[in-house]
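See below for the structure under consideration.
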Number of protein chains: 2
Amino acid sequence: MSVAHAIETPSPGPLHPARCNGCAHLPACQAAGYGRSELRGLQCIAEPAGLLRDGEYLYRPLTPFHAVYAVQAGMAKSVAVDRAGRERVLAFHLPGELFGLDALWLGQHDNAAVALGRTQCCRFPYAALRELASRQVEVQTHLLYAMSRQLHRQHLDAADGSAEQRMAAFLVDLHARREALGCSGAALPLPMSRADIGNHLRLATETVSRLLARFRDAGLLRVTRSGVELLDMDGLRHVGWGEP
Amino acid sequence: MSVAHAIETPSPGPLHPARCNGCAHLPACQAAGYGRSELRGLQCIAEPAGLLRDGEYLYRPLTPFHAVYAVQAGMAKSVAVDRAGRERVLAFHLPGELFGLDALWLGQHDNAAVALGRTQCCRFPYAALRELASRQVEVQTHLLYAMSRQLHRQHLDAADGSAEQRMAAFLVDLHARREALGCSGAALPLPMSRADIGNHLRLATETVSRLLARFRDAGLLRVTRSGVELLDMDGLRHVGWGEP
DNA sequence: CGCGCGTTTGACGAACCTCAACACCAGTGG
DNA sequence: CCACTGGTGTTGAGGTTCGTCAAACGCGCG
């Protein structure tokens, strides 16, 4: 969501309250739908959550649920910890994607949200959100949509198949989500570690490495540091759904 | 949810509208929270979805989203079909559990809901639900909670680990959900096929069979036809989270 | 009774994990 | 500027788990 404290000089615009002006990440937010005029109320209750460094936490497990979050720039991951202490990367969050709503049910977070690289976020206090939703049907609907989208995403992540398929599908999905935000181009930054990718895809980090090498040798992508450059999206897509 | 068309003679009660009286499944619904007085409005908009036979569909992929559903008695599964035609069992639904809300985002179902054995369901037309939610904050909150719970469930399903762990965790989870509905006891009916279980847990059906046999030999359960009888819940729990 | 389907059990092979060594940076301090 | 160092990523060899193939079994049903 597009609400950062105005870091640079605010330049008033017609569509957004003062807090949003000057936010460098407004385009991403608008692409995510938060620029729609019915939702302007959302921007009024958003608070900046600061500029986080790599590895810093937005919230931790077993802490009370007070707000939902959105990335403005950068990336974040949600990490669950099972009782044996093993971590599980549940999702990666791109700008404009709401997360933390899963804590509503228990009233406390059961997973952690961690910044991947320099990441800017904003938070929506739940009390204000709830109050707003009770008055504005659009906000209410928007929340339901956001959760529905999240459920839909997890269905995708549940996909079975070979390591190769999951890896390719992962890259294709990330690329598609970036495109939806207006970030077109072959470059796909991967600020998370190989361990994170592997954990999320249920693969060993070595397997992630090997698969990227295999894709590289097949001419599907180029491995750059801090990411990949996608050369053959169609090829990747075909690998992703087990070449029909 | 406790709303079936009154199949038997309605006998007016103080807590439920006429449509709910006579519903044989009211206790399960109440246990799921749908008996709470604030939610009585929900019962007014519910419609019976009939008594389904094994394998019958509540909805299919690519059909428009018009309602959300709940099992009253029996069990249902959600099945996604990827573009290669492979099926994926996303979840099993017990009485009182709401499902179909994931279709909100796209406006159409991307998966199917199928009855497992004789199953009775009711449906909540989304238009009425939305209208009710806009007037009653409790209903609104209830929907958000239901989705939050579903997200939470999927986090559990995302758990990695050995086949043994996933299988044990699956049984423990089903048992816990049944207990929450007031169905205590060691008997755990499994109306779905081994193939369904395996699909959901990312295992071959043969592996499911072998694991059940292994659990049986370890004295953790007894395999009955159409289900299992849980003999050592603690043992299963320990297997489930990789014996700490 | 015989047929058909779902389940069970066994043998084998492959995909992927584990272990281990190495290469590659980035940051740090001399 | 360079060497050092720790962390991350890459590559290779061997093992284990689990999937695949195949066959027998049991149960329900016509």
Side-chain angles (χ1 to χ4, degrees), chain A residues 53-55 75 77 84 86-89 114 116-118 159-171 188-218 221-229 239-240 242-243, chain B residues 53-55 77 84 86-89 114 116-118 159-171 188-218 221-229 239 242-243:
Chain A
R53 294 174 183 283
D54 187 87
M75 203 181 288
K77 63 175 176 181
R86 289 179 296 258
E87 296 197 340
R88 176 115 254 275
V89 174
V114 185
L116 296 166
R118 299 277 170 98
D160 207 5
S162 68
E164 203 174 34
Q165 285 172 34
R166 278 177 278 159
M167 186 72 205
F170 170 72
L171 295 174
L188 182 66
L190 298 173
M192 71 292 276
S193 68
R194 300 287 192 258
D196 282 335
I197 298 177
N199 186 314
H200 180 233
L201 298 177
R202 306 185 297 271
L203 297 174
T205 77
E206 294 92 330
T207 307
V208 174
S209 229
R210 272 187 264 266
L211 288 172
L212 286 179
R214 198 187 299 177
F215 290 166
R216 166 172 47 75
D217 296 345
L221 50 76
R222 243 163 44 86
V223 179
T224 69
R225 68 198 169 99
S226 81
V228 296
E229 186 179 345
V239 174
E243 51 269 298
Chain B
R53 294 174 183 284
D54 186 88
K77 63 175 176 181
R86 290 178 296 258
E87 295 197 340
R88 177 109 255 274
V89 175
V114 185
L116 296 166
R118 298 278 170 98
D160 207 4
S162 68
E164 204 173 36
Q165 286 173 32
R166 277 177 277 160
M167 186 72 204
F170 171 72
L171 295 173
L188 183 65
L190 298 174
M192 70 293 275
S193 68
R194 300 285 191 260
D196 282 336
I197 299 177
N199 186 314
H200 181 233
L201 298 176
R202 305 185 298 271
L203 297 174
T205 77
E206 294 93 329
T207 307
V208 174
S209 229
R210 272 187 264 267
L211 288 172
L212 286 179
R214 197 186 301 178
F215 290 165
R216 164 173 48 73
D217 296 343
L221 51 76
R222 241 163 44 86
V223 179
T224 71
R225 68 197 171 97
S226 82
V228 295
E229 186 180 344
V239 174
E243 52 268 296

Rounded to the Å, how far apart are B/Ile197 CD1 and C/dT7 C1'? 11 Å
Please tell me if the side chains of A/Phe215 and A/Val228 come closer than 4.5 Å, counting only heavy atoms from C-beta onward. no
Student check: side-chain heavy atoms of A/Arg194 and A/Leu212 closer than 4.5 Å: yes
According to a strict under-4.0 Å criterion, is B/Arg194 in side-chain N/O contact with OP1 or OP2 of C/dT9? no
Rounded to whole angstrom units, what separation is found between the CG atom of A/Leu190 and the P atom of D/dG9? 10 Å
Does the side chain of B/Glu229 come within less than 4.5 Å of B/Leu188's, by heavy atoms? no
A/Arg88 and A/Arg202, any side-chain heavy atoms less than 4.5 Å apart: yes
Which of B/Val208, B/Thr205, B/Val89 passes side-chain contact (heavy atoms from CB on, under 4.5 Å) with B/Asn199? Answer is B/Val89
With heavy-atom distances below 4.5 Å as the criterion, would you say the side chains of B/Lys77 and B/Met192 are in contact? no
Sequence-aligned protein contact record of nucleotides 14-30 of chain D, with B where the base is within under 4.0 Å of a protein heavy atom and S where only the sugar-phosphate is: ----SSBBB-----S--
side-chain contact (heavy atoms from CB on, under 4.5 Å) with B/Met167: of B/Ile197, B/Val239, B/Thr207, only one passes, and it is B/Ile197
What do you reckon, is CZ of B/Arg118 surrounded by more than 12 foreign heavy atoms closer than 6.0 Å? no
Distance, rounded to the nearest Å, where A/Phe215 contributes CZ and D/dT10 contributes C1': 16 Å
Please report how far the helix from C/dC1-D/dG30 to C/dG30-D/dC1 bends, comparing the axis fitted to its first five pairs with the axis fitted to its last five, to the nearest 10 degrees. 30°
When the distance from CG of A/Asp217 to P of D/dT10 is rounded to whole Å, what number comes out? 12 Å
Using whole Å, what does the distance between atom P of nucleotide D/dT8 and atom CG of A/Asn199 come to? 14 Å
Interatomic distance, B/Met167 CE vs C/dT8 C1' [rounded to whole Å]: 14 Å
